[in-house]
S.K.: 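Just passing along the structure, written as structure tokens.
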Amino acid sequence: MAPHADIEPATEHTDTTHAETRSKAITIEYETFGALGDPTILLVMGFGTQMLGWDADFCRMLAAHGRHVIRYDNRDCGLSTQLDEHPVHLGDFIAAVTSGDYDLALAMAPYSLRDMAADGINLLTELGIDRAHVVGSSMGGMIAQKMAIEFPDRVLSLTSMMSSTGEADYGQSTPEAQHVLFSSRPSDRDGYMTSADRELVWASRRYGDATQLRALAAASRTQFVAHCNAAPRASW
């Protein structure tokens, strides 16, 4: 099958490129804002959240200030490759981690944070970008840290937001936040949107907005459902 990557370098700050690229057996969905010649910011989202979590207006604002912005879906999320052939029982995995049985947890996981970091770096390579400012949120902050550790020559700067190093004694989520993070949402559209209110548990105390969370949930669900119903796309 012929390669497929709709990569068109932007020439104006308001331009947007939306496409997909492929890292080995992984297809990564991404979107760019701004001019390719400007310094690049790679935005890495957290656990279970599509790239839409990086608000498009925020990306456009960065581009308007002279930055080339990339947001993308991590593997197993959004429109990127879903590794359904490697199911993981989340409860068992969490139990193994919390009990300190890391060998068992590693045996369950079909890939590592380093693999996810490599996805982002390979995306930069595919786009012809040598180095980027890397910004990660939550688990995305951990992925961004791995990029800086494993691929230091590709990272101009690191910003790790609402994240941690994974050290057990620091930066742990509250039980309430963990319950929300690891609980599934209702499958119907209204229930899916309403359940987004639970995410206020980790939202800004000053700027948290349930309406915005519901809008993000609706957009994410709509995009994923449309993707599942679409005809197969070419890849390589």
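Please read these numbers as outputs of a predicted model, since none were measured by experiment.
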S.K.: Ignoring hydrogens and angles, tell me if any N or O in the side chain of Thr125 forms a donor-acceptor pair with the backbone of Ile121 under 3.5 Å.
M.R.: yes

S.K.: Using a 3.5 Å distance criterion without hydrogens, assess whether the side chain of Asp115 forms a donor-acceptor pair with backbone atoms of Ser112.
M.R.: yes

S.K.: Any donor-acceptor pair under 3.5 Å linking the side-chain atoms of Glu29 with those of Ser80?
M.R.: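 No.
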
S.K.: Might you point out which heavy atoms bring Trp54 and Val44 nearest each other, and give the distance in Å?
M.R.: CZ2-O, 3.3 Å

S.K.: Can you give me the closest heavy-atom contact between Met108 and Val88, atom names plus distance?
M.R.: O-CG2, 3.5 Å

S.K.: CZ of Phe47 to CE of Met139: how many Å apart, nearest 0.5 Å?
M.R.: 7.0 Å

S.K.: Report yes if some heavy atom in the side chain of Met116 is under 4.5 Å from a heavy atom in the side chain of Lys146; otherwise report no.
M.R.: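 Side chain of Met116 against side chain of Lys146, heavy atoms only: no contact under 4.5 Å found.
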
S.K.: Tell me the closest heavy-atom pair linking Ala148 and Leu158, and the distance in Å.
M.R.: CB-CD2, 4.2 Å

S.K.: Would Met162 and Ser137 count as a side chain to side chain contact (heavy atoms under 4.5 Å, CB included) here? Give the steps.
M.R.: CA-CA 6 Å; Met162 51 185 284; Ser137 174; 3.7 Å; yes

S.K.: Show the nearest heavy-atom pair for residues Asn74 and Met45, with the distance to one decimal.
M.R.: ND2-O, 2.9 Å

S.K.: Under a 3.5 Å distance rule, please check whether Thr81 uses its side chain to pair with a backbone N or O of Thr27 as donor and acceptor.
M.R.: yes

S.K.: Quick check with a 6.0 Å cut-off and a 45 degree axis cone: is Arg185 positioned over the face of Tyr192's six-membered ring?
M.R.: yes

S.K.: Would Asp130 and Arg154 pass as an ion pair if we require N to O under 4.0 Å?
M.R.: no

S.K.: Around atom CD of Glu176, are there more than 12 heavy atoms of other residues, nucleotides or ligands at under 6.0 Å?
M.R.: no

S.K.: Which pair of heavy atoms, one from Gly46 and one from Ser138, lies closest together, and at what distance?
M.R.: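 That would be CA-CB, 4.4 Å.
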
S.K.: State, with a plain yes or no, whether a side-chain heavy atom of His68 is found less than 4.5 Å away from one of Pro39.
M.R.: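 Not in contact.
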
S.K.: Quick one, Asn122 and Ile26 - any side-chain contact, counting heavy atoms below 4.5 Å?
M.R.: no

S.K.: Measuring only between side-chain heavy atoms, which start at C-beta, is Leu42 closer than 4.5 Å to Tyr72?
M.R.: yes

S.K.: Quick one: is the NZ or CZ of Arg75 closer than 6.0 Å to the six-membered ring centre of Tyr111, and within 45° of its axis?
M.R.: yes

S.K.: Which distance, rounded to the nearest 0.5 Å, do you find between the CD1 of Ile41 and the CZ of Phe33?
M.R.: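 Ile41 CD1 to Phe33 CZ: 12.0 Å, rounded to 0.5 Å.
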
S.K.: Linking directly or through intermediates, with side-chain heavy atoms under 4.5 Å: list the remaining ILVMFWY members grouped with Leu216, chain and number order.
M.R.: Leu52

S.K.: Which atom pair, heavy atoms only, marks the closest approach of His133 to Ser157?
M.R.: ND1-OG, 2.7 Å

S.K.: Is Asp73 reaching over with its side chain to a backbone N or O of Gln50, donor-acceptor style, under 3.5 angstrom?
M.R.: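 Checked: no pair found.
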
S.K.: Could you go through the salt bridge (charged side-chain N to carboxylate O under 4.0 Å, His left out) check for Arg214 and Asp197 one step at a time?
M.R.: CA-CA 7 Å; Arg214 290 187 181 191; Asp197 292 6; 2.7 Å; yes

